[in-house]
Protein chains: 2
Amino acid sequence: MRLKELTIIGQRNRLQYIILGLLNQQPQTGYDLAKAFENEIGEFWQAQHSQIYPLLKRMENAGDITHEDTVTGEKLAKKQYKLTPTGYQKLVDWVSEPSPELTPNKDEFILKLYFIKTADDPRLQPMLREQYQLHQAQLHHLQQRRETVFADSTTVDHAYGHYLILDHAIERETHYVEWLAQYLNP
Amino acid sequence: MRLKELTIIGQRNRLQYIILGLLNQQPQTGYDLAKAFENEIGEFWQAQHSQIYPLLKRMENAGDITHEDTVTGEKLAKKQYKLTPTGYQKLVDWVSEPSPELTPNKDEFILKLYFIKTADDPRLQPMLREQYQLHQAQLHHLQQRRETVFADSTTVDHAYGHYLILDHAIERETHYVEWLAQYLNP
DNA sequence: GGCAAACATGTAATTAATTACATGTTTGAA
DNA sequence: TTCAAACATGTAATTAATTACATGTTTGCC
C-alpha cells in the first residue's frame with residue numbers, strides 16, 4: 001500500500017512552463033533560474049527562489065524534470081535540473097495550445113486615474129508627470145537591453161521570440177509615453 | 001480586557017481602494033460592487049463577490065466604511081455600504097500618493113513567444129493570427145464602450161479619468177494590433 | 001588571512017485571488 | 001402560476017505569490 005501522493009499541479013500555473021522552457025534551453029539549477037527572472041525574462045515574469053525551489057520538487061515528482069547532484073569545490077551541493085521527454089512534450093503542448101485570454105492589466109496608476117473626475121483636478125498633472133518619467137526610464141532601459149542582447153545581428157535568428165517580445169515591449173512603452181505626453185501640460 | 005482584534009489590512013491590497021473609490025461615487029451593496037467589476041471597471045480590474053464580501057467586513061471593522069441594513073420586498077436583506085470620513089481620507093491619500101512601480105505584464109502569449117527560437121517556426125504565424133483576432137475584437141469592444149459611455153460629450157467633463165483610461169486602453173490595443181500585423185505574413 | 005559578495009538551497013507565514021459550495025428572495029415573462 | 005433570471009450574501013478550499021526566516025559554501029579582492 002502506497003502513501004497518498006498528490007502531484008497534480010493547479011490549472012493555471014504558468015511558472016512551471018517558463019521553467020520548462022528555460023530548462024529546455026539548458027540544464028540549470030534553481031539558483032540559475034532565479035537569476036534568469038532578474039535578468040533576461042525579468043521584464044516579462046518574476047519569481048523568487050522561494051517559489052522556484054518547491055516548484056522544482058513538485059515538477060520532478062510529476063516526472064517532468066530530473067536532477068543530478070553535483071558538488072562545487074569541497075562540498076557546495078548543486079542540483080542540475082533538466083527536462084524529461086514528458087516535460088519536453090508538456091512544453092511543446094503548452095506553446096502550441098491557444099492563448100485565448102486577454103491579460104488583465106493591473107496598473108495602479110490607471111486605477112487611480114479612474115477616480116479623477118475632472119480635467120482640472122490638481123493631482124492629475126503631477127500623476128501624469130510621474131508616470132511619464134517612469135515609463136521614459138523603462139523605455140531607455142529596454143532600448144539598451146536590445147542594443148546589448150542583439151548587438152550581433154545574427155542573434156536575432158536563433159532568439160527570434162526574445163527579439164519579438166523586446167520589440168513589443170519597446171513599442172508598448174513608446175506609445176505609453178506618447179499617450180502621457182498628449183495629456184501633459186507644457 | 002478586550003479580545004484580540006486584528007484588522008490591519010495587508011500592504012498591497014489595491015482592491016480596498018477601488019472599493020473606497022466606488023463607494024465614494026455612491027453608496028452601494030456588495031452585489032452592486034461585484035457587478036461594477038463585470039462592467040465599467042472590468043477592463044481594468046476584476047474581483048469576485050467571494051473576495052468582496054469578506055473585504056467589506058474587514059474594511060468596516062477597520063473603520064473605513066459603514067453599512068445600513070435595508071429590506072427589499074418582504075425580507076430580502078441588503079447592506080448598503082458608504083464611506084466614513086476616515087475611509088474618504090484613505091482614498092484621497094491613496095490617489096495622491098506616488099505610484100512608482102511598473103506593472104509586471106503577465107501576458108501568456110508573450111511568454112510563449114520567448115520560447116519560439118526561429119522566424120520560420122511553424123507555430124509562430126498561427127499564434128500571431130490568434131492574438132491579432134483577439135486584440136482586434138477587444139479593440140472593437142473598447143471603441144463601442146467609448147461610444148456608449150461617452151456618447152454625450154459632456155460626460156467627459158465629470159468622468160475625465162474614466163475617459164482617459166478608456167482612451168489609453170484603446171490606444172494600447174490599437175498599437176498591439178498594429179505590432180502584430182507587422183509580423184504577420186500576408 | 002580576513003571579509004564581503006555571490007553562490008546555493010531550503011522552509012514558514014502570510015496575503016491575494018479564484019473556484020466551488022451553499023442558501024434564500026424577488027421580478028418579470030410565458 | 002410557474003419558472004428562470006437576476007438579486008443578494010455568505011463560507012470553504014485551494015493556489016499563487018511575496019516576504020521573512022534560516023543556513024552554509026566559494027570566490028576573489030584587499
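Every chain is numbered from 1, with letters handed out A, B, ... down the list of sequences. Quick note: numbers below take in every heavy atom, side chains included, and nothing from hydrogens, waters or symmetry partners.
- Using modelled atom types and a 3.5 Å distance limit, the side chains of A/Q89 and A/W94 yield no donor-acceptor pair.
- Helix bend of the helix from C/dG1-D/dC30 to C/dA30-D/dT1: the angle between its two end axes, each built from five pairs, comes to 30° after rounding to 10°.
- On a pure distance criterion of 3.5 Å, a polar donor-acceptor pair joins the side chain of A/S50 and the base of D/dT19.
- Listed nucleotides: C/dA8, C/dT25, D/dT9. Nearest to the side chain of B/Y31: D/dT9.
- Rounded to whole Å, the distance from OH on A/Y53 to C1' on D/dT18 is 16 Å.
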Show every donor-acceptor pair shorter than 3.5 Å between a side-chain atom in residues 96-107 of chain B and any protein atom, with sequence neighbours excluded, or say none if there are none.
| unit_1 | atom_1 | unit_2 | atom_2 | d |
| --- | --- | --- | --- | --- |
| B/S96 | OG | B/V92 | O | 2.7 |
| B/S99 | OG | A/K112 | NZ | 2.9 |
| B/D107 | OD1 | B/F109 | N | 3.0 |
| B/D107 | OD1 | B/I110 | N | 3.4 |
| B/D107 | OD2 | B/Y176 | OH | 2.9 |

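- At least one cation-pi condition fails for A/K78 and A/Y81: the charged atom is not both under 6.0 angstrom from the six-membered ring centre and inside a 45 degree cone around its axis.
- For the OP1/OP2 pair of C/dT18 and a distance below 4.0 Å, the side-chain nitrogens and oxygens of B/Q51 include at least one atom meeting the criterion.
- In the set C/dT26, D/dT18, D/dT9, the nucleotide with an atom closest to the side chain of B/K106 is D/dT18.
- Distance B/K75 NZ to C/dG24 P: 10 Å, rounded to the nearest Å.
- Here C/dT18 is the nucleotide among C/dT18, C/dA16, D/dC21 with the atom lying nearest to any side-chain atom of B/Q48.
- Electrostatic pairing of B/E108 and A/R14 counts as a salt bridge here, judged by a charged N lying under 4.0 Å from a carboxylate O.
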Donor-acceptor pairs under 3.5 angstrom involving side-chain atoms of residues 157-167 of chain B: please list them, not counting sequence neighbours.
| unit_1 | atom_1 | unit_2 | atom_2 | d |
| --- | --- | --- | --- | --- |
| B/D167 | OD1 | B/R146 | NH1 | 3.0 |
| B/D167 | OD2 | A/W179 | NE1 | 2.8 |
| B/D167 | OD2 | A/Y183 | OH | 2.8 |

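- Of the candidates C/dT26, C/dG10, D/dT27, D/dT27 carries the atom nearest the A/T72 side chain, counting heavy atoms from C-beta on.
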Might you work through the side chain to side chain donor-acceptor pair (under 3.5 Å) test for A/E43 and A/H141, ending with a clear yes or no?
CA-CA 10 Å; A/E43 333 283 0; A/H141 167 70; 3.0 Å; yes
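- Residue B/R58 has a polar side-chain atom (N or O) positioned under 4.0 Å from OP1 or OP2 of C/dA16.
- Expressed to the nearest 0.5 Å, how far OG1 of A/T174 lies from CG of A/L142 amounts to 8.5 Å.
- Between A/M59 atom CE and D/dA16 atom C1' the separation is 15 Å, expressed in whole Å.
- Atom-to-atom, CG of B/D69 to P of D/dA8 comes out at 14 Å; the value is rounded to the nearest Å.
- Nucleic acid contact class of B/A77 (heavy atoms, under 4.0 Å, all strands): sugar-phosphate only.
- Map A/Q80 and B/Q46 each onto its nearest nucleotide of DNA chain C; the residue landing nearer the 5' end is A/Q80.
- Remark on DNA chain D: of its neighbouring residues A/W45 and B/K78, the 5'-side contact belongs to B/K78, judged by nearest-heavy-atom nucleotide.
- Atom C1' of nucleotide D/dT14 and atom CG of A/N13 are separated by 13 Å, given to the nearest angstrom.
- The CZ atom of B/R14 sits 13 Å away from the C1' atom of D/dA17 (whole-angstrom rounding).
- Checking B/L76 against A/E74, the closest nucleotide of DNA chain D that is more toward the 5' end is the one next to B/L76.
- Distance from the side chain of B/K79 is smallest for D/dG10 among the nucleotides C/dT19, D/dG10, D/dT25.
- Between the CG atom of B/L55 and the P atom of C/dA17 there is a distance of 10 Å, rounded to whole Å.
- Between A/E38 atom CD and C/dA8 atom P there is a gap of 13 Å when expressed in whole angstrom units.
- Taking a 6.0 Å sphere around OH of A/Y88, one finds it holds 12 or fewer heavy atoms contributed by other residues, nucleotides or ligands.
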